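Report on one structure; see the data block that follows.
Proteins come first, then strands; the chains are lettered A, B, ... in the order of their sequence lines, and each starts at number 1. Everything numeric in this text was worked out from a predicted model, so none of it was measured.
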Amino acid sequence: MRLSRAFLPTLKETPAEATIVSHRLMLRAGLVRQTSAGIYAWLPLGWRVLQRVSQIVREEQDRAGAQEVLMPTIQSAELWRQSGRYDGYGKEMLRLIDRHDREMLYGPTNEEMITDIFRSYAKSYRDLPRNLYHIQWKFRDEVRPRFGVMRGREFLMKDAYSFDITAEAAQHAYRQMFFAYLRTFQRLGLKAVPMRADTGPIGGNLSHEFIVLAETGESAVFFDSAFEASDWAGTVTDYDDIPALKSGFDQVTAMYAATDEMHDAAAFEALPAERRREGRGIEVGHIFYFGTKYSAAMGLSVPGQDGKPVIPEMGSYGIGVSRLVGALIEANHDEAGIIWPDSVAPYAAAILNLKQGDASTDAICEQLHTALGDNAVYDDRAERAGVKFADADLMGFPWQAIVGPRGAANGVVELKRRATGERVEVSVEEALARIRG
RNA sequence: CGGAGCGUAGCGCAGUCUGGUAGCGCACCAGUCUGGGGGACUGGGGGUCGUGGGUUCGAAUCCCGCCGCUCCGACCA
């Protein structure tokens with residue numbers, strides 16, 4: 001993508017409404033544009049990142065055996081009356097009336113709808129287990145939206161729903177998602193710690209929040225440093241291996257980790273002082289096992305092996321995809337701007353032509369641009385070097401291929417790693433090889 | 001939902017108290033010089049001052065209503 005033709009606007013100054021760093025950087029780097037309180041338009045750079053994050057989430061859901069669907073944003077109030085939540089959900093639910101005076105709502109979550117869909121097709125216990133998910137926009141009419149996309153009213157969420165015949169099977173489904181989440185966050189380059197959570201209004205008796213550590217996080221967290229030490233995501237490779245998954249799960253969840261509302265000071269103090277970690281975090285995922293709460297209320301049942309009806313056990317599993325973009329920036333930035341992890345970077349590299357119109361720099365830049373294709377932005381604008389450096393740093397591409405007249409004359413480009421600031425002078429071929437990883 | 005603020009050019013702001021031809025910086029456009037970390041100079045364009053009403057000879061400024069947005073606190077992917 002040539003910057004001279006791209007819609008990738010950056011701002012030198014920060015709009016007044018942004019108070020936290022991720023929000024400031026998202027506005028300055030041109031990722032999003034606020035259209036109403038807590039509602040954002042995603043501009044090309046932000047949209048690319050959102051899609052990269054979605055794709056990683058999707059791949060890990062698929063790997064764990066979940067199947068993707070797409071449910072609508074608008075739902076009928078009727079479904080929510082069946083579960084009893086229509087009156088209970090409160091003002092966070094955006095309620096709508098259509099032209100026929102039917103009560104509708106913009107979905108804040110999809111337990112009712114997925115239960116309705118599943119009950120239409122599940123004919124016997126043989127049709128279980130199943131896990132269905134979608135990545136769709138949700139709306140929760142927060143009293144006080146803030147922090148940009150971290151706490152918006154409209155947000156992109158991955159929500160999965162599992163159906164099982166027995167409680168044991170449902171807990172296995174829960175553990176599958178537990179490890180899928182660890183893997184997902186690891187691939188995103190985030191350190192996410194699972195913490196036992198209150199089950200809240202969704203109900204049930206087993207729940208974990210996944211908290212990304214960041215100084216600007218909204219909740220205080222306490223955890224065992226053992227979480228930092230090991231690759232827990234890699235401890236389980238076969239999602240169908242029930243005993244392995246259970247022992248892995250037991251091992252991870254045995255370690256102390258809690259948000260302030262669930263904090264047990266005595267248990268925490270029992271850890272050796274050097275293993276105690278306190279900090280702040282952002283909730284990016286939340287998983288629940290809630291048994292037959294919705295299946296019972298909504299009349300989902302299937303014939304069991306003995307022919308008698310069985311009410312399936314369910315769980316739901318959410319990841320705040322758009323929030324993750326904010327969390328990623330909170331966890332990866334410096335004074336100059338964003339530092340994207342390679343896995344989610346909108347482009348792997350920026351090609352900086354320091355002297356537009358110079359035959360040698362133009363030629364090398366064109367060569368790099370052609371070779372990297374959609375993985376790079378080519379800053380071919382008639383701007384001074386400083387502007388190009390500042391914008392590339394701000395937008396946070398992992399690599400900068402800096403092409404100036406001095407090096408270009410010798411066929412050399414300067415490759416800068418955004419995360420470390422390290423620079424090396426290499427040949428064009430070597431630069432391409434490194435950018436491609 | 002309790003408390004506190006703010007709406008003036010794309011962005012950041014002054015002007016409002018004390019009414020009198022709407023300003024500054026950045027950004028933008030043209031030109032010249034410059035050319036490895038947001039450069040300099042010259043010239044230029046851009047505003048129903050959120051909105052509706054009221055007071056007044058005259059309203060960005062005073063009064064009333066409405067709309068939008070933000071911050072602090074209690075709640076949430």
When the [atom1] atoms of [N] and [M] are considered, how many whole Å apart are they?
N: rU21(B); M: rC64(B); atom1: C1'; value: 28 Å
N: rU61(B); M: rU48(B); atom1: P; value: 16 Å
N: rG52(B); M: rG68(B); atom1: C1'; value: 15 Å
N: rC13(B); M: rC6(B); atom1: P; value: 13 Å
N: rC26(B); M: rG45(B); atom1: C1'; value: 16 Å

* To do: Output the distance between atom CE (M1(A)) and atom CZ (F7(A)), rounded to the nearest 0.5 Å.
  =>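 That separation rounds to 12.0 Å.
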
Tell me whether the rings of [X] and [Y] are parallel (<30°), tilted (30 to 60°) or perpendicular (>60°).
X: F118(A); Y: F163(A); result: parallel
X: Y347(A); Y: F397(A); result: perpendicular
X: H369(A); Y: Y378(A); result: tilted
X: F249(A); Y: H208(A); result: perpendicular
X: H134(A); Y: Y161(A); result: tilted

Any-strand Watson-Crick or G-U partner of [N], both distances under 3.5 Å:
N: rG58(B); value: none
N: rA74(B); value: none
N: rC24(B); value: rG12(B)
N: rG38(B); value: none
N: rG7(B); value: rC67(B)
N: rU48(B); value: none
N: rC17(B); value: none

Any idea which of [options] is nearest the [X] side chain?
X: R140(A); options: rG36(B), rA74(B), rA77(B); answer: rA77(B)
X: R323(A); options: rA77(B), rC69(B), rG36(B); answer: rA77(B)
X: R146(A); options: rG38(B), rG12(B), rA74(B); answer: rA74(B)
X: K416(A); options: rG37(B), rC69(B), rG36(B); answer: rG37(B)
X: P15(A); options: rC76(B), rG12(B), rG38(B); answer: rG12(B)
X: F389(A); options: rG36(B), rC28(B), rC69(B); answer: rG36(B)
X: R423(A); options: rA77(B), rG38(B), rG36(B); answer: rG36(B)

Please state how far atom [atom1] in [X] lies from atom [atom2] in [N], giving the value in whole angstrom units.
X: L11(A); N: rC28(B); atom1: CG; atom2: P; value: 12 Å
X: L50(A); N: rA77(B); atom1: CG; atom2: P; value: 19 Å
X: L27(A); N: rA27(B); atom1: CG; atom2: P; value: 19 Å
X: M157(A); N: rC76(B); atom1: CE; atom2: P; value: 14 Å
X: R144(A); N: rG5(B); atom1: CZ; atom2: P; value: 15 Å
X: R151(A); N: rC72(B); atom1: CZ; atom2: P; value: 11 Å
X: D358(A); N: rG36(B); atom1: CG; atom2: P; value: 12 Å
X: K355(A); N: rU34(B); atom1: NZ; atom2: P; value: 11 Å

Applying a 4.0 Å non-hydrogen cut-off, can you work out what [X] is touching in the nucleic acid: base, sugar-phosphate, or nothing?
X: K91(A); value: sugar-phosphate
X: G152(A); value: base
X: R28(A); value: base
X: D393(A); value: base
X: E17(A); value: sugar-phosphate
X: A390(A); value: base
X: V321(A); value: nothing

* **T19(A) vs E209(A), nearer the 5' end of RNA chain B by closest nucleotide** =>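 Closest to the 5' end, via its nearest nucleotide, is T19(A).
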
* Mapping E414(A) and G285(A) to their closest nucleotides on RNA chain B, which lands nearer the 5' end? ->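 Going by which nucleotide is closer to the 5' end, it is E414(A).
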
* **Phosphate contact (rU70(B) OP1 or OP2) by Q34(A) side-chain N/O below 4.0 Å** =>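 Yes, such a contact exists.
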
* Asked: Quick one: is rA40(B) close enough that its OP1 or OP2 comes under 4.0 Å of any side-chain N or O from R384(A)?
  ->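 Indeed not, no polar side-chain atom of R384(A) lies that close.
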
* Asked: Under a 4.0 Å N-O cut-off, is there an ion pair linking R280(A) with E218(A)?
  ->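 Here R280(A) does not pair with E218(A) in a salt bridge, since their nearest N and O are not under 4.0 Å apart.
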
* Check ion pair E111(A)-R85(A) (N to O, under 4.0 angstrom) ->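 A salt bridge links E111(A) with R85(A).
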
* Asked: Below 3.5 Å, does any donor atom in the side chain of E13(A) face an acceptor in the base of rG25(B), or the other way round?
  ->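 Flag set: donor-acceptor pair detected.
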
